[in-house]
Amino acid sequence: MDIVAENLAVCQICSPMDFRLTPEQESFRAEARSWLRANVPSAERGTGPLPSLDTPEGFEAHRAWERRMFEERWSVVSWPRSYGGRGAGLVEWLVFEEEYWDAGGPARVGQNGIFLLGPAMMAFGTEEQRNRFLPAMASGEEIWCQGWSEPGAGSDLASIRSVARPGDPEGTWVLNGLKTWCSRGAFADWLFGLFRTDPSAERHRGLTYFLVPLDAPGITVRPIAQLDGEPGFAEVFFDEVEVPASQVLGSVGRGWEVAMATAGSERGLSLRSPGRFLAAARRLVALYEQVALCDPARAERCADAVARAWIEAEAYRLATFATAARVLDGATVGPEASLSKLAWSGADLAVHEAAIGLLGSSAELLGSDGTPDGWLGGFLFALAGPIYAGTNEIQRNVVAERVLGLPRG
Amino acid sequence: MDIVAENLAVCQICSPMDFRLTPEQESFRAEARSWLRANVPSAERGTGPLPSLDTPEGFEAHRAWERRMFEERWSVVSWPRSYGGRGAGLVEWLVFEEEYWDAGGPARVGQNGIFLLGPAMMAFGTEEQRNRFLPAMASGEEIWCQGWSEPGAGSDLASIRSVARPGDPEGTWVLNGLKTWCSRGAFADWLFGLFRTDPSAERHRGLTYFLVPLDAPGITVRPIAQLDGEPGFAEVFFDEVEVPASQVLGSVGRGWEVAMATAGSERGLSLRSPGRFLAAARRLVALYEQVALCDPARAERCADAVARAWIEAEAYRLATFATAARVLDGATVGPEASLSKLAWSGADLAVHEAAIGLLGSSAELLGSDGTPDGWLGGFLFALAGPIYAGTNEIQRNVVAERVLGLPRG
Amino acid sequence: MRAAFDRDQEDFAGQFRSFCEKECPPSAVRAAWTSEVGFSRERWGKLAELGVLGIGVPEELGGIGRGEVELAALLEVAGWAAVPEPVLETMAMAVPLLRECASGPGARVAREWLALIAAGEAVVTVGPEPAWASGATGSQLTTVLPGADMVLVAGSNGVVAVPSEACGIVARRALDGTRRLAEVTFDPAAATVLAGPDEALASLGKLADQAACGSAALLVGLSSRLLGMAVEHAGERRQFGRQIGSFQAVKHKLSDVALRIELARPAVWYAAWQLANQGAEASQAASVAKALAAEAATAAASASLQVHGAIGYTAEHDLHLWMKRSWALASWWGDAAHHRSRVLQSLIARTE
Amino acid sequence: MRAAFDRDQEDFAGQFRSFCEKECPPSAVRAAWTSEVGFSRERWGKLAELGVLGIGVPEELGGIGRGEVELAALLEVAGWAAVPEPVLETMAMAVPLLRECASGPGARVAREWLALIAAGEAVVTVGPEPAWASGATGSQLTTVLPGADMVLVAGSNGVVAVPSEACGIVARRALDGTRRLAEVTFDPAAATVLAGPDEALASLGKLADQAACGSAALLVGLSSRLLGMAVEHAGERRQFGRQIGSFQAVKHKLSDVALRIELARPAVWYAAWQLANQGAEASQAASVAKALAAEAATAAASASLQVHGAIGYTAEHDLHLWMKRSWALASWWGDAAHHRSRVLQSLIARTE
């Protein structure tokens, strides 16, 4: 009858569209769910919620939780078994994340290491570095903070001025400069970041990626209080800090490439899995139902915002599965990662703004420990989304120029 | 007791804030209302609604309405009596406009002349020009279209390439070039616009403001159909068009200043009075009430958009009265006119989008004459708001640079 | 888990796109506006030859026997090309409805018309649009009446098939010249009952889901073309000595539209897959898809018009052909706000 | 018709602004966060000396005897400076309420407290916030309880005055360190009745209008400072070799905020004028003002945070002092959506 009908009959190379998990994926989901439901710190079992991870005691409590997960190989499910993972695939990782957040899992204090440095180290690190650093990172024994930004280099990351000059003995380096907005910097153990090793090179050339213990002589950490009042990030000062050659990741002078692989992870698939936002969107619907019972007029006024927010989270979930399918077909995630960042930061804000609307003026109340918790804490955190990991203005430029092909300038 | 209290007691120079009209203004309002209610073309009296002014018969019907208004001095209330006006003040003009639109007055076919050229001519024209052109403009005897844009000069108005070279006899000019998006151009009698008289000058220098009859030899008018299918604007081709010296407005080479005064009117107070949007917002509320009776769920979903739209229109009304007060105190409307344009174009869209939402899929239906009328026609017209009279992107630049003082670039 | 078309589906969509580039350029869309019935019977035949019209018709009736996933792939292409033929009405609504009725009281008629559709010999429309979609002040409308051979009328009393010549038709013209709407009345004696009142209610629900999902797929295609036109214009048009696409205001506006489209597209796939598999989330997913796609299209139309400036405001430029179709489909069978409210209701019902 | 302050009003506002620049710099706001009651009793006294506190108190009680228009001018300045003292509660709510009760059963007490307020010797708060404002899950709250000398409790049963020491107070800390909230209970025996149930209902309505208009005035001031900070930062901060304020994304974001503020300000004036003149549109105008001002402030906070980037996200930078006040006041005594719904209701009622 026609060529297309014939084609449909003969070509069966790819598997058809199917939004169900495979039986193996379903059993992975069931195992994760059951472990998480039994182990996630919870008020009911008297093990939670954990104090804010930006307090000294909260930081250690979160570190302990990372270790607990690591012990049962739930800390880094997608990593190879040799580093403490399960070698799980991309879809399994997304499924694990859905379960993690749905079970009310705490924020991941190790996430900068696990999701940003980890992938870069697997791609660019030596075997020694991977064995030395990855398991300790996964277990929470060593918590990493990032050292990207500087006072003059925020969105314009290539303007880095912190320097590393060759030290003595040969191959070692001496670091000087200042890094800022280092998330988790107040209590972390190690820092990863870029330093200029070729002072004559400009912009993104002549940079090198270093790994630095925060207790090294010459380092001063100044915690900075965030909107919630807690030291969620820090300034880190480097004054003649000596670093051995083994703490350079990738080649000297090629730090930008290493960092960009990491930044891709941050904006793309791995930092902000849909599970987190879906869980929040589900809690939002539950809040809506509560409010509808005692203040139907307010609930009605917020209904459209609630629906919108839930739909944004669901759309991000579906879009992420579509990206995963492309990746599994062999595609790499390029500038489309910027679309992903715009999506999750938008969904997170939409969910929390809708919740704040439902709560009315009681939204401003602090928790019993005097810090913003629950929806208010989540709202403050969501506000940072359009700023960190490359501002959303930068992401829109990337989408316009590199996805749509609009002219630079 | 304190210096401030003393100050309050002694200083009475300015009159206090008062949103009431004076008795004189109230009686002006009453007179306008009574005349308009009795004379505005209406279905009830079998005199309206007029056909679209972008059709030949509609154009003439609107011209006749302009003449009717002129006969009773309602066409240009704020103009001096010598040109057919009433010498009404700014507040009176705003009041007249409220009444005009509230009474369902038709679109003003002469508005480009009356609101754009008129003020420029009063400021820059010779006495002969004013006497020759203004009364005919006010009576609808001569309808003007604007000749600002060219294919390469839209938002970037200073890129004009149409030229005027000295003719014979001395003082006359010969025009060549192409003007486009000339609103009302299809049926108008005259055109005003800028032509380059000094070909060596760049950008906004060396331009001259000309007045040209559209039946002059060498002129070709090509009507352009708008979104509603009607020729709402036209391209006007100039091929060796001879123009006498008496048809230059202002000084030769100073056309930009004359045009900018006009553009200020367009964006600022005089082109889009709040009355128009307020009347539409009131009709929107009435539509909401109708829909609430037969489809309460839809009305409920649209309620917030309806309220928002009405509030936008009301806010623009109040802000315009505040601008009027500043003008009456002796201030001039500068770059703030750009805020005004952003406000009215936004309010107009908000009102019509809310109405389209209330109408659901029946919004797409054409009127019985096969053209978009009512809310659909208004929606299409509102869509043009952010584009004409300087795109809203240009207006935001102006606000940022000249009101807020942000750096150019 | 695989959230992507397979190669066959991609290939079929690709072939349909090539077909559209050749057989349905903007000039053809424009010609349809002024044609008698708003679309081309000749192209309808070619669509059948290509297998497009028969995609959802069972193989034994001359179709290809595929489901909503393949349909979604084709409808996105149809939207991209602004195909004027009534693909939504016939392919996404009439075919599934007839398929469901193919074992009921009107099986013979249903099967007959399915075969006619696959062969390109029949245009079938479905109506009237329910009151919740058309808005309180609007009358209940059906699309493409003047050109249809048969009208399926789905109401709570049953599903009946009425030949167009037995319908009383009050034609209403719409802003989009290819959308020929009508208010329809018919003589019950001329109608064949395809489903009784019991099945009809379920059918009506499914019909609404199919309409939502199908219009969402069309809207994603329309949006991507609107975006493409804007990107192209922004790369060509110069003002202030620069391409206007180099201005951040233009870049950010268009990247926001790109985001809306990239979020809507997988939602359409999921809804189509749910419908094809009679999933429990089919209705909800269809509403999610329609809500996202309608918003994407509205944003794409608005951004594209603004980027084009005055030229986009003319009927001479092709932009309006896509823009007007987008506006119409964004509210046809439920606008974004309706579908969001439906999603919230279904989320609440699920937790109860 | 004159939609502008007169010179006296301008001058008074200007003097208050100079006062704030000197007496209430950001460091003073910051100090109030960690102070015992969240504001400064010393500055309260100075505000009285300047005449600010007495603006609405009748002259015979030591005040200046002006109304809501002057109050709006002062509150905009107070918002601009983020003055931590409870000017909304005392000046915009307690004073008008006491003024209304000054001829009722509690006239003596009302007049006494009005005089104390004008003299800077009393801080009076009003509560609790009604349920429609605080949200369904929130308990009913009162502001500045720990530092107040007296609480006016306005409910449908009447308006009563209760000395703070006779109140049961459960303090609740808010995100803005100067906002000291509390759940309040009191012993009726300790309360003075200022108005009976009949007058109370009207008083409660007026109180809500005063709260809406007063918070709107504060929000306009807060917004304009937030915008000012963003403009300043955008002119200083350089990235990619340019001031970030030269990027169109930043320009357009901030010009949109400027527009929201310019639209909200005259709406506040109109509401204040309506309240001062007991106009028929007072309630509607107050809601219009609050809806516009709350949206302006929310937009200003969001844009200013984004323009500041990470530095704006710290508690070290002053931005958060303004941002948090804005968020709180945007929903205090009714958020934008509540007030929009109230506007629509009043528009409909008017046509009926």
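By convention in this document, chain letters (A, B, ...) are assigned in the order of the sequence lines, proteins followed by strands, and residues within each chain are numbered from 1.
Using a 4.5 Å cut-off between heavy atoms, D/Ala267 touches chain B through backbone and side chain atoms alike. With a 4.5 Å cut-off on non-hydrogen atoms, D/Arg242 touches chain B through its side chain but not through its backbone. Contact annotation for B/Glu401: only side-chain heavy atoms (C-beta onward) come within less than 4.5 Å of a heavy atom of chain D. In this structure, chain D has no heavy atom under 4.5 Å from any part of B/Arg326. Interface remark: D/Arg260 contributes side-chain atoms only to the contact with chain B (heavy atom separation under 4.5 Å). When heavy atoms are compared at a cutoff of 4.5 Å, D/Gln284 approaches chain B solely by way of its side chain, counted from C-beta outward. Interface residue D/Gln248: only side-chain heavy atoms are found under 4.5 Å from chain B.
The contact list for residues 272-283 of chain D toward chain B, using heavy atoms and a distance under 4.5 Å, reads D/Trp273 by residue number. Residue-level contacts of residues 293-303 of chain D with chain B, in order of numbering, are D/Glu295; threshold 4.5 Å between heavy atoms.
Remark: D/Lys290 does not engage D/Asp209 in a salt bridge, criterion side-chain N to carboxylate O under 4.0 Å. The residues D/Glu23 and D/Arg43 are annotated as not salt-bridged, no charged nitrogen and carboxylate oxygen being separated by less than 4.0 angstrom. The existence of a salt bridge linking B/Glu31 and B/Arg86 is confirmed by a sub-4.0 Å separation between a basic side-chain nitrogen and an acidic carboxylate oxygen.
For the set D/Val250, D/Leu263, D/Ile244, the count of heavy-atom pairs under 4.5 angstrom toward chain B peaks at D/Leu263. Counting heavy-atom pairs closer than 4.5 Å to chain D, the top residue among B/Asn392, B/Val399, B/Leu406, B/Val306 is B/Leu406. Taking chain D as the reference chain and counting heavy-atom pairs below 4.5 Å, the highest number among B/Val95, B/Thr22, B/Asp304 is found for B/Asp304. Taking chain B as the reference chain and counting heavy-atom pairs below 4.5 Å, the highest number among D/Leu259, D/Leu227, D/Val69 is found for D/Leu259.
Side chains of B/Arg272 and B/Phe277 form a contact here, defined as non-hydrogen atoms less than 4.5 Å apart. Proximity of B/Met17 to D/Arg2: side-chain heavy atoms (C-beta onward) are nowhere separated by under 4.5 Å. The shortest distance between side-chain heavy atoms of D/Leu47 and D/Phe16 falls below 4.5 Å. Taking 4.5 Å as the limit, some side-chain heavy atom of B/Arg282 sits within range of a side-chain heavy atom of B/Leu278. Side chains of B/Ser273 and B/Trp93 form a contact here, defined as non-hydrogen atoms less than 4.5 Å apart. For the pair D/Met91/D/Leu53, a side-chain contact is recorded, criterion being any heavy-atom separation below 4.5 Å from C-beta on. Annotation: side chain of B/Arg29 is not in contact with side chain of B/Glu92 (no heavy-atom distance under 4.5 Å).
Between D/His308 and D/His233, the ring planes are parallel. Angles under 30° get that label, and only those over 60° would be called perpendicular.
B/Arg203 and B/Ser159 share a donor-acceptor pair across their side chains, judged by distance under 3.5 Å alone. For the 3.5 Å distance criterion, the side chains of B/Trp101 and B/Glu97 qualify, holding a donor opposite an acceptor.
Between the side chain of D/Lys251 and the backbone N or O of B/Pro407 there is at least one donor-acceptor pair closer than 3.5 Å. Within the 3.5 Å criterion, the main-chain N or O of D/Ala212 finds a donor-acceptor partner in the side chain of D/Ser215.
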